[in-house]
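For reference, the structure is listed below as structure tokens.
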2 protein chains.
Amino acid sequence: MRPLTHPSTDDVSLEAILHALSDPVRMAIYAELEHADGPQSCTRFATALERGIPKSTLSQHFRVLREAGLVHSERQGVEMRNTSRRADIDRRFPGLLDAIMSAYRQQMGERSTPAS
Amino acid sequence: MRPLTHPSTDDVSLEAILHALSDPVRMAIYAELEHADGPQSCTRFATALERGIPKSTLSQHFRVLREAGLVHSERQGVEMRNTSRRADIDRRFPGLLDAIMSAYRQQMGERSTPAS
DNA sequence: TCCCGTAGTGCAGTAAATGCGAACTAATGA
DNA sequence: TCATTAGTTCGCATTTACTGCACTACGGGA
């Protein structure tokens, strides 16, 4: 098994971030990771996100988030500790995640309250 | 030829915007459109972006930008008048394009001045 | 009006990315 | 040592993207 690769903060690219977050599953994962307190395992999301996502697919999604620099993953025993690298990204691109996540929450709000 | 489709401001989705701008060519096109004064034709970018992009490819990129709601296209005689829908997006997702485009300009700046 | 040039679109083949089941690795504990 | 749990990797099927070529649409002569 190849070791986990995390880009250094300076190497994080806007393109990779936008691509990673343009997938609804990855966006949902990242959003949860961000406001979770403490690291979260991968499988937590297989069940948390309504539909049952196969673990091979989940694994790919985490790899994309990791290689974009959005998420830090570390093996802890048998499972993985995933945390948001929010602070790093904020240093790299101030205000970016603020704006994206606020747009995301806004859109989520609209969806849960369909137009009356 | 099918008519050009533009989403209404309310139907613009974050996902589509992030996807559209996660491609370097589309990002470059959108950035130029935004600070151009007045509408720009499609072919303007075939040459403007250093490498010669085939026009069928350009046409597809414009379609993605258009369907994401980022760009308004209108036929004017033989050519196309493309304009940024920045104001619409700002109303839909306040601060989003501000943050993304500022991150983009920052990253561009770094690339043109490689680390000393 | 007919023909030509220019701008962009649609199509079809191919190339690249994604999704997912199945087999695998790695760590833990009985 | 064997079973269990958490993730990864591989390989194949499906989807999506790129691009050359033929096409449409419009405008301007002659």
- Query: Given atom CG of D23(B) and atom P of dC18(D), what is their separation to the nearest angstrom?
  - Reply: 6 Å
- Note on the structure: Rounded to whole Å, CG of N82(B) lies from C1' of dT9(C) at a distance of 13 Å
- Message: I need the CD-C1' distance between Q76(A) and dA27(C), as an integer number of Å.
- Response: 11 Å
- Given atom NZ of K55(B) and atom P of dC11(C), what is their separation to the nearest angstrom? 16 Å
- Item | Side-chain heavy-atom pair L21(B), L97(B) within 4.5 angstrom cut-off | yes
- Item | Parallel, tilted or perpendicular, as decided by the 30° and 60° cut-offs, for the rings of H72(B) and H6(B) | parallel
- Item | Earlier contact from the 5' end, DNA chain D, for P3(A) and R75(B) | P3(A)
- Message: Testing the 3.5 Å rule here: is there a donor-acceptor pair between the side chains of S73(B) and R66(B)?
- Response: yes
- Task: For the residue pair H61(B) and R26(B), confirm or rule out a side-chain donor-acceptor distance under 3.5 Å.
- Result: yes
- Whole-Å distance separating the CG atom of L4(A) from the C1' atom of dT25(C): 13 Å
- Note on the structure: Closest of dG8(C), dG7(D), dT19(D) to the M1(A) side chain is dG7(D)
- Query: On DNA chain D, nearest-nucleotide positions of Q60(A) versus V78(A): which is more 5'?
  - Reply: V78(A)
- Would you mind checking if D10(B) and R91(B) are paired as a salt bridge, meaning a charged N to carboxylate O distance below 4.0 Å? no
- Query: Between I53(A) (CD1) and dG21(C) (P), how many Å, whole number?
  - Reply: 12 Å
- Report which part of the nucleic acid R26(A) touches: base, sugar-phosphate, or nothing (heavy-atom distance under 4.0 Å, all strands). nothing
- R63(B) vs dA17(D): side-chain N/O to OP1/OP2 distance below 4.0 Å: no
- Checking all strands, does R2(B) fall into the base, sugar-phosphate, or nothing category for heavy-atom contacts under 4.0 angstrom? sugar-phosphate
- Any H19(B) side-chain N or O less than 4.0 Å from OP1/OP2 of dA17(D): yes
- Taking atom P of dT8(D) as reference, at what distance in whole Å does atom CG of L58(A) sit? 9 Å
- Message: For D98(B), is there an ion pair with R86(B) - N to carboxylate O distance below 4.0 angstrom?
- Response: yes
- Message: Nearest to the E79(B) side chain among dT9(C), dA7(C), dG21(C), which nucleotide is it?
- Response: dA7(C)
- Side-chain N,O (S56(A)) to OP1/OP2 (dT8(D)) below 4.0 Å: no
- Query: Any side-chain N or O of S59(A) less than 4.0 Å from the OP1 or OP2 oxygen of dT8(D)?
  - Reply: yes
- Task: Please state how far atom CD in E67(B) lies from atom C1' in dA17(D), giving the value in whole angstrom units.
- Result: 14 Å
- Item | Comparing R81(B) and G77(A) on DNA chain C - which has the more 5′ nearest nucleotide | R81(B)
- Within the pair H61(A) and dA17(C), is there a side-chain N or O less than 4.0 Å away from OP1 or OP2? no
- Item | Minimum-distance nucleotide to T57(B) side chain [options: dA6(D), dT9(C), dT19(D)] | dT19(D)
- Query: Just checking M80(A): base, sugar-phosphate only, or nothing, at a heavy-atom cut-off of under 4.0 Å?
  - Reply: sugar-phosphate
